[in-house]
Amino acid sequence: MKYPEGLKYTEEHEWIRVEENNIAYIGITDFAQKELDELVYIEVETVGETLDKDDIFGTVEAVKTTSDLFMPVSGTVLEFNEKLDESKGDDPTLVNKDPYGEGWIIKIEITDLEELEGLMDAAAYQELIEE
Amino acid sequence: MKSTPLTNKHIALGAKMAEFAGFNMPISYAGIQEEHRQIREKVGVFDVSHMGEFIIKGKEALALVQQVTSNDASKLAIGEAQYSCFPNNEGGIVDDCLVYRLPEDQCAKGEQAFMLVVNASNIDKDWNWIQANNYFDTRMINISDQTGLLAVQGPLAVEALQSLTDIPLRDISYYTFVKGKFAGLENVLISATGYTGSGGFELYVDADKTERLWDAVFEAGAHFDIRPVGLGARDTLRLEMGYCLYGNDIDDTTSPIEAGLGWITKTQKESFINKDLFAAQRKNGTSRKLCGFILPEERRVPRHDYPIENESGDTIGKVTSGTLSPSLGYPVGMGYVEKGYETEGNHIYIVVGAKRLKATVTKPPFVKI
């Protein structure tokens with residue numbers, strides 16, 4: 001199980017990686033992709049919308065389960081990773097193969113950077129999973 | 001949480017484990033879709049030792065089985081099995097089961113012997129139910145904890161297993177069984193049954209020999225690329241065939257007639273629990289019917305309890321099972337709909353949050369093997 005440093009984590013098993021100018025990438029954790037098993041579809045229909053922390057920004061379908069995706073912080077959804085978009089012939093299992101890299105799900109502009117302080121760091125998230 | 005005789009083996013194999021019916025069970029090893037294809041195309045092995053087994057033996061064993069099950073066990077010759085269910089007093093189903101008519105070598109003169117194989121989650125409930133209805137001269141023995149069970153399923157099952165026994169496996173026809181020597185172990189019950197639609201065998205063995213059987217099966221099957229398969233693929237495999245899962249598609253409140261199990265509800269046999277109600281339902285119809293449906297244009301997957309609507313948005317039922325079909329590449333499911341909507345080709349709508357997914361009623365099996 002991988003818990004990269006430098007990311008922030010949520011109890012719903014999303015991660016967020018903050019870049020410059022309030023821009024951030026969001027995906028699901030290695031633990032989440034293992035629990036879900038192979039993803040078969042990822043739906044994100046919120047591009048262009050400004051959402052609050054904990055709002056649903058999309059849904060993942062695995063063979064056995066459906067799971068909603070939640071915003072770790074408030075922000076505007078700028079982009080859905082089109083490499084995951086099956087309607088464009090791409091591959092949702094990238095999330096299984098590389099959850100923290102190629103398998104990022106959305107790019108956002110964060111509304112309020114202070115909200116990041118309420119999230120877990122790698123060590124705290126690892127403790128949550130392994131307890 | 002209980003273990004099967006193989007739980008530690010699954011953990012050592014790196015399986016994803018989860019609690020199922022009180023047992024620590026393997027959900028998947030290499031991924032559900034890959035394991036699913038393994039069964040459809042080659043051969044794989046499920047540990048289903050969590051299942052329950054009861055022996056019913058005595059002068060009136062047949063009479064008890066006839067009273068508590070819906071199918072006609074009097075039609076079973078020794079060495080044959082049938083799918084059946086236990087109706088309750090309210091018109092629902094206590095559990096579904098397999099009924100085996102066993103050899104009578106352990107019986108006194110005039111006695112018969114049956115084995116009932118039941119769902120792990122219902123072992124105590126079924127036991128109590130049958131006991132409560134046992135007004136007959138029979139004994140019941142719960143051998144669930146002493147019994148291991150492997151399901152070796154897939155088109156290469158015969159070839160993969162034949163080197164383990166002198167019994168010609170190809171001659172064991174569907175829903176029959178042979179008890180004999182297998183992998184050097186005595187008294188293995190080799191049953192040509194399963195829950196996948198891809199053929200193969202279920203092997204009942206003494207619990208303490210289950211690990212030896214598992215190892216022997218993998219050694220013999222290595223040449224055929226035999227693989228372990230978890231409960232995740234077991235569910236997608238059964239759903240592609242439209243087989244009911246107790247607790248999802250059938251339960252204490254669903255009648256076998258509305259669940260499409262009329263074929264195991266033999267209302268012409270002499271007597272069984274709630275026979276008259278089922279005869280009336282068969283004659284007059286039921287207010288709802290379990291139907292299958294496919295969603296070839298959709299990628300969202302219908303799940304248990306999602307509402308079903310008609311074209312104009314009235315709620316007409318509920319999804320009981322749904323999955324992405326690994327063989328077809330699109331979602332399939334089953335659910336109860338109000339009478340009249342179950343016609344093949346009819347369009348129904350599955351409600352997922354704010355969306356409505358258009359589904360087409362289709363008679364299972366969804367996948368033709």
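Chain naming here is simple, since letters A, B, ... match the order of the sequence lines and numbering starts at 1 in each.
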key: Atom of A/Glu45, atom of B/Lys355 and distance for their closest heavy-atom approach   = OE2-NZ, 2.8 Å
task = Please check if atom NZ in B/Lys368 has more than 12 non-hydrogen atoms from other residues, nucleotides or ligands closer than 6.0 Å.
result = yes
ask   = So which part of B/Arg303 gets closer than 4.5 Å to some heavy atom of chain A, the side chain, the backbone, both or neither?
value = side chain
ask   = Salt bridge or not for A/Glu61 and B/Arg299, using N-O below 4.0 Å?
value = no
query = Between B/Val301, B/Val352, B/Thr323, which residue shows the highest count of heavy-atom pairs closer than 4.5 Å to chain A?
reply = B/Val301
query = Considering residues, nucleotides and ligands other than A/Glu49, do more than 12 of their heavy atoms fall under 6.0 Å from its CD?
reply = yes
inquiry  = Given heavy-atom pairs under 4.5 angstrom as the criterion, report whether the side chain, backbone, both or neither of B/Tyr330 touches chain A.
reply    = neither
task = I would like to know whether B/Gln33 and A/Val40 meet side-chain contact (heavy atoms from CB on, under 4.5 Å); could you show each step before the answer?
result = CA-CA 10 Å; B/Gln33 298 200 83; A/Val40 294; 3.5 Å; yes
inquiry  = Nearest 0.5 Å, please: how far is CD1 in B/Ile32 from NZ in A/Lys64?
reply    = 6.0 Å
ask   = If you look at every heavy atom in A/Asp37 and B/Ser28, which pair is closest and at what distance?
value = OD1-OG, 3.1 Å
ask   = Would you find more than 12 non-hydrogen atoms of other residues, nucleotides or ligands less than 6.0 Å from A/Lys97 atom NZ?
value = yes
ask   = Taking C-beta and beyond as the side chain, do B/Arg300 and A/Thr66 meet within less than 4.5 Å on heavy atoms?
value = yes
inquiry  = Tell me whether the count of non-hydrogen atoms from other residues, nucleotides or ligands lying under 6.0 Å of NZ in A/Lys34 goes above 12.
reply    = yes
task = First locate atom CD of B/Glu34, then atom CD of A/Glu38, and finally report the distance between them rounded to the nearest 0.5 Å.
result = 8.0 Å
key: Side chain / backbone / both / neither for A/Ile42 at chain B, heavy atoms under 4.5 Å   = neither
